[in-house]
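What follows is a set of notes on a single structure, which appears directly below.
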Amino acid sequence: MISEFVENTPTSASSFTENQLAALRHAAELLNSGKLVAIPTETVYGLAANAFDEDAVRAIFATKGRPSNNPLIVHIKALSDLHRVAQNIPELAFRLAEHFWPGPLTLILDKQAHISDTISAGYPTVAVRMPNHSLTLALLNRLDFPLVAPSANRSNHISPTQPEHVLNSLGEKAPFILDGGPCSQGLESTIVGFEKDQVVLYRLGALSENELENFIGQPLLIKSTGTTQIHSPGSSKKHYSPKTPLVLVDRLNEPLPLTEKRIGYLVLQKKFTLDAPHLVIELSEKGDLSEAASRLYAALHEMDAMDLDVIYAEKMPEKGLGNSINDRLFRASIR
Ligand code: TXA
Ligand code: MG
């Protein structure tokens with residue numbers, strides 16, 4: 001089943017332009033020599049390094065300003081590579097991987113002994129996924145090691161869904177960026193782990209809870225109350241933050257009283273317009289939550305660059321990807 005997926009993705013050399021092939025060669029050379037490369041995925045851009053090169057892995061933490069207690073995700077090119085990084089893999093984990101990979105689902109599994117404590121932040125587990133982007137799959141196919149990659153932004157800032165977001169966030173520390181255009185899904189992967197026969201949700205993300213639960217046939221185990229309270233080890237509640245203060249509100253059918261100087265409104269569907277210096281950004285004209293998810297971070301990056309005094313963000317309907325978007329908006333609202 002998995003081989004069908006891979007064959008359907010255009011990883012063969014002939015489907016890339018000369019420029020893309022040159023960029024792939026360059027990215028592979030850099031990674032082979034222990035350097036970092038920003039890679040496109042369907043979720044967000046990642047800051048990638050050779051998972052088996054300890055200095056390169058450490059460079060990721062230094063470049064992002066990431067605390068060492070926040071573990072990294074290992075990216076593999078095929079389901080058959082899963083054994084290289086994880087062990088004691090539950091049957092259900094295989095079924096999930098077979099069904100959803102390549103795609104935005106990260107599995108927390110027992111790690112193989114050679115996965116370093118730097119990657120796993122000392123935990124006995126490792127996070128693994130197979131990303132769904134033709135360029136990055138082609139890159140992984142040219143390498144004989146998996147890639148560790150957190151999102152390619154400074155720690156706690158908004159994740160990058162376009163190459164220029166990587167440049168803006170990392171500045172002079174930005175590595176070579178493999179340009180794969182805007183990310184199709186635009187939210188980080190959903191992270192799950194396994195306890196006995198149950199699937200535990202660690203992070204809401206681009207794969208909706210509904211889709212997962214439909215496949216598993218039973219509810220996900222959520223350990224804390226309220227989906228916005230879930231978090232993986234090392235990740236703080238405050239996360240994904242714009243520099244501009246962001247206030248989460250239930251509905252934005254009309255503008256709020258204009259007490260501040262410059263106000264940005266982030267809404268699912270536009271119910272009003274305002275003249276500059278204010279700004280209204282609509283995430284999906286049709287009210288489509290997948291489209292809204294794919295545009296969320298670009299909208300936050302855009303608003304953050306406008307020197308607004310405050311951003312009012314409207315809560316999304318609590319279904320499908322609405323819950324994942326609300327999780328990010330909630331975190332963005334924490335000061
Ligand atoms: O979509 C994505 O997942 C993107 C792309 C680049 O693949 N990556 C990403 O990485 O979002 P990052 O580092 O920004 O988030 C990884 C999350 C962190 O919250 C971390 O705590 C969690 O994964 N994580 C990693 N290893 C873990 C483990 N062993 N147990 C629990 N959580 C883990
Ligand atoms: Mg991140």
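Remember, predicted model here, so these are calculated numbers, not experimental data. Just so you know, residue 1 is the first one in the sequence shown, and it goes up from there. We count ligands from 1, going down the list as the structure has it; atoms in each ligand are counted the same way.
Ligand 1 has an N or O atom lying under 3.5 Å from an N or O atom of S151, backbone or side chain. Considering backbone and side-chain atoms alike, N70 places an N or O below 3.5 Å from some N or O of ligand 1.
Between F100 and F215, the ring planes are perpendicular. Angles over 60° get that label, and only those under 30° would be called parallel.
At a 4.0 Å heavy-atom cut-off, ligand 1 does not touch I39 at all. Counting heavy atoms closer than 4.0 Å to ligand 1, residue T125 contributes atoms from both its backbone and its side chain. At a heavy-atom cutoff of 4.0 Å, ligand 1 is contacted by the side chain of R129 but not by its backbone. Within the 4.0 Å heavy-atom criterion, the part of R66 lying near ligand 1 is the side chain and not the backbone.
Close approach of ligand 1 to T43 is summarised as follows: ligand atoms under 4.0 Å from at least one heavy atom of the residue are 1 (O), 2 (C), 4 (C), 5 (C). Taking every heavy atom of I191 and a limit of under 4.0 angstrom, the matching atoms of ligand 1 come to 17 (C), 22 (C), 23 (O). Near S189, with a cut-off below 4.0 Å to any heavy atom, the atoms of ligand 1 are 1 (O), 2 (C), 3 (O). For ligand 1 and H75, the ligand atoms under 4.0 Å from any heavy atom of the residue are 5 (C), 6 (C), 7 (O).
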CA sep, side-chain torsions, deciding dist, call: K111, D117, salt bridge (Lys or Arg N to Asp or Glu O under 4.0 Å): CA-CA 10 Å; K111 70 171 187 170; D117 280 343; 2.8 Å; yes

Quick one: do H165 and Y45 satisfy ring pair (Phe, Tyr, Trp, His ring centres under 6.0 Å)? Show the steps, please. CA-CA 9 Å; H165 299 160; Y45 274 74; 8.5 Å; no

Tell me, with the steps shown, if R262 and D309 meet salt bridge (Lys or Arg N to Asp or Glu O under 4.0 Å). CA-CA 5 Å; R262 294 165 66 100; D309 292 302; 5.6 Å; no

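The residues R251 and E314 are annotated as salt-bridged, a charged nitrogen and a carboxylate oxygen being separated by less than 4.0 angstrom. Looking at E29 and R25, no side-chain N of the basic residue comes within less than 4.0 Å of a carboxylate O on the acidic one, giving no salt bridge. Between E188 and R129 no salt bridge is recorded (no basic side-chain N to carboxylate O distance below 4.0 Å).
For the atom pair CG (L109) and CD1 (I89), the distance works out to 6.0 Å, reported to the nearest 0.5 Å.
The Mg ion (ligand 2) lies at 2.8 Å or more from every N, O or S atom belonging to N153.
Taking only non-hydrogen atoms, the option from P71, A206, G186 nearest to atom 26 (N) of ligand 1 is P71. For atom 8 (N) of ligand 1, the nearest non-hydrogen atom from the set A149, A127, G46 comes from A149.
Using a 4.5 Å heavy-atom cutoff, the side chains of E209 and L212 are not in contact.
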